[in-house]
Amino acid sequence: LDKTLLDVNSGSQWLRHEFAAGRVSVWQVVQALVWLMFYHFFGADMTKPLRLAMQSLKGVPESDIIKRSTDFYQSHMTGHLRPGARKALEEHRAQGHKLVLLTSSSSYLARIVSEELSLDGYLATTLGVDEAGLLTGEPGGTICFGGGKVVLAQDYLDKHGGTLAQSAFYTDSFTDLPMLEVVGRAVVINPDPKLGREASRRGWEVYDWGLSGT
């Protein structure tokens with residue numbers, strides 16, 4: 001999703017949205033931005049910051065997060081689809097391929113994107129919810145990051161048919177190396193520096209999908 005289908009990072013945009021609403025502190029923003037910088041330039045593991053973000057939401061009604069996610073998408077994310085992404089989706093759809101979003105972003109945001117782009121499904125990071133409808137501060141399952149993406153993708157294929165070897169996977173991030181190594185077609189889009197070097201070394205397809213509004 002982030003920097004692949006879209007030309008922005010939803011994590012940094014979410015921070016701005018939440019900070020403007022007074023729901024996160026300056027210190028929380030600084031910490032998160034440092035993590036995001038290390039993620040983009042060095043492929044840092046984002047599992048820890050994702051867990052910390054979940055813990056900060058403990059006790060918040062899930063209905064509130066759903067509304068906040070919808071407001072956030074409409075105000076910050078609409079209109080950021082890369083032109084090359086739209087073309088690729090149309091080409092795969094014309095060939096009868098299943099289009100499934102695989103992202104470390106929350107399932108709430110992934111659902112919105114999936115519906116807007118008429119995708120066949122989405123796999124994302126889910127948040128735990130208790131019987132009262134409140135967030136538990138823990139993940140609701142496997143965190144959709146790094147090797148976790150492989151686990152969730154394989155589970156999806158086991159249920160819906162197909163294999164990883166028959167699948168194509170698109171990404172901009174070196175942290176998705178586990179997925180790139182197991183699919184039949186690895187496609188690199190506007191890669192971060194580390195992935196760009198790895199893609200060149202391995203001979204993977206590399207494309208520039210452009211910027212929204214161009």
Side-chain angles (χ1 to χ4, degrees), residues 1-11 39-40 43 45-47 50 73 77 79-107 109-126 141-212 214:
L1 176 63
D2 300 323
K3 307 294 281 187
T4 304
L5 287 177
L6 305 179
D7 60 9
V8 294
N9 182 284
S10 64
Y39 164 73
H40 178 71
D45 186 348
M46 292 295 286
T47 303
L50 285 172
Y73 186 80
M77 306 302 290
H80 281 287
L81 184 70
R82 291 186 186 275
R86 190 178 300 280
K87 180 181 178 182
L89 290 173
E90 292 172 351
E91 291 175 348
H92 279 291
R93 189 173 282 118
Q95 296 177 66
H97 297 162
K98 281 187 177 293
L99 303 174
V100 182
L101 177 62
L102 182 60
T103 177
S104 58
S105 296
S106 77
S107 58
L109 182 61
R111 176 185 57 78
I112 298 170
V113 175
S114 181
E115 290 177 354
E116 181 169 297
L117 299 180
S118 299
L119 304 183
D120 297 294
Y122 61 87
L123 303 171
T125 298
T126 58
T142 300
I143 293 179
C144 196
F145 184 86
K149 287 189 176 182
V150 178
V151 172
L152 292 174
Q154 185 61 65
D155 183 60
Y156 179 91
L157 291 168
D158 289 343
K159 294 175 180 176
H160 296 87
T163 66
L164 289 169
Q166 295 171 318
S167 303
F169 177 66
Y170 294 73
T171 184
D172 70 290
S173 176
F174 182 80
T175 61
D176 284 327
L177 189 62
M179 273 297 298
L180 290 166
E181 291 180 326
V182 296
V183 293
R185 182 186 176 197
V187 189
V188 175
I189 306 299
N190 299 84
D192 61 39
K194 197 170 182 179
L195 180 57
R197 293 191 294 271
E198 188 68 16
S200 178
R201 186 178 74 83
R202 299 198 186 213
W204 286 332
E205 299 174 59
V206 180
Y207 299 102
D208 182 342
W209 274 358
L211 300 173
S212 57
T214 61

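Not measured: the values here are computed from a predicted model.
Checked by atom type and distance alone, the side chain of Asp2 pairs as donor or acceptor with a backbone atom of Ser10 at under 3.5 Å. Using a distance-only test at 3.5 Å, with no hydrogens or angles considered, no donor-acceptor pair links the side chain of Asn9 to the main chain of Lys3. Although no hydrogens or angles enter the test, the distance criterion places a donor-acceptor pair under 3.5 Å between the side chain of Asp192 and the main chain of Phe174. Judged purely by atom type and a 3.5 angstrom limit, Asp120 uses its side chain to pair as donor or acceptor with the backbone of Leu99. The main-chain N or O of Ser212 is found under 3.5 Å from a side-chain atom of Asp7 such that the two form a donor-acceptor pair.
Among all heavy-atom pairs drawn from Ser104 and Phe145, the shortest one is CB-CD1, 4.1 Å. The heavy-atom pair separating Ser107 from Tyr122 by the smallest distance is O-CE1, 3.8 Å. Nearest heavy-atom pair across Ala124 and Ala110 is CB-CB, 3.6 Å. Contact detail for Arg185 and Tyr207: the closest heavy-atom pair is NH2-OH, 4.4 Å. When every heavy atom of Thr163 is checked against every heavy atom of Leu157, the shortest pair comes out as C-CD1, 3.5 Å. Between Pro178 and Gly147, the shortest heavy-atom distance links the atoms CG-N, 3.9 Å.
The structure places OG1 of Thr103 at 11.5 Å from CG of Leu152, a figure rounded to the nearest 0.5 Å. Here the CE-CG distance, from Met179 to Leu177, works out to 11.5 Å after rounding to the nearest 0.5 Å. In this structure, Ser105 OG and Tyr73 OH are separated by 11.0 Å, a value rounded to the nearest 0.5 Å. In this structure, the separation between CG on Leu81 and OG1 on Thr4 is 11.0 Å, given to the nearest 0.5 Å. The CG atom of Leu211 lies 10.5 Å from the NE2 atom of His80; values are rounded to the nearest 0.5 Å. In this structure, Asp172 CG and Ile189 CD1 are separated by 9.0 Å, a value rounded to the nearest 0.5 Å.
Looking at residues two or more places apart in sequence or on another chain, you find no ring pair (Phe, Tyr, Trp, His ring centres under 6.0 Å) involving Phe169.
Among residue pairs with one or both ends in residues 145-155, those qualifying as salt bridge (charged side-chain N to carboxylate O under 4.0 Å, His left out) are Lys149-Asp176, Asp155-Lys159; sequence neighbours excluded.
Ionic pairing of Glu198 and Lys194 is not present here: no N-O contact between side-chain nitrogen and carboxylate oxygen is shorter than 4.0 angstrom.
Side-chain contact, Thr175 with Ser173: a donor N or O sits under 3.5 Å from an acceptor N or O.
Here the side chains of Leu5 and Arg82 are not in contact, with every heavy-atom distance at 4.5 Å or above.
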For residues 86-95, tabulate all N or O donor-acceptor pairs below 3.5 Å that involve a side-chain atom, not counting sequence neighbours.
{"unit_1": "His92", "atom_1": "ND1", "unit_2": "His97", "atom_2": "ND1", "d": "2.9"}
{"unit_1": "His92", "atom_1": "NE2", "unit_2": "Tyr170", "atom_2": "OH", "d": "2.6"}
{"unit_1": "Arg93", "atom_1": "NH2", "unit_2": "Leu117", "atom_2": "O", "d": "2.9"}
{"unit_1": "Arg93", "atom_1": "NH2", "unit_2": "Ser118", "atom_2": "O", "d": "3.2"}
{"unit_1": "Gln95", "atom_1": "NE2", "unit_2": "Glu91", "atom_2": "O", "d": "3.3"}

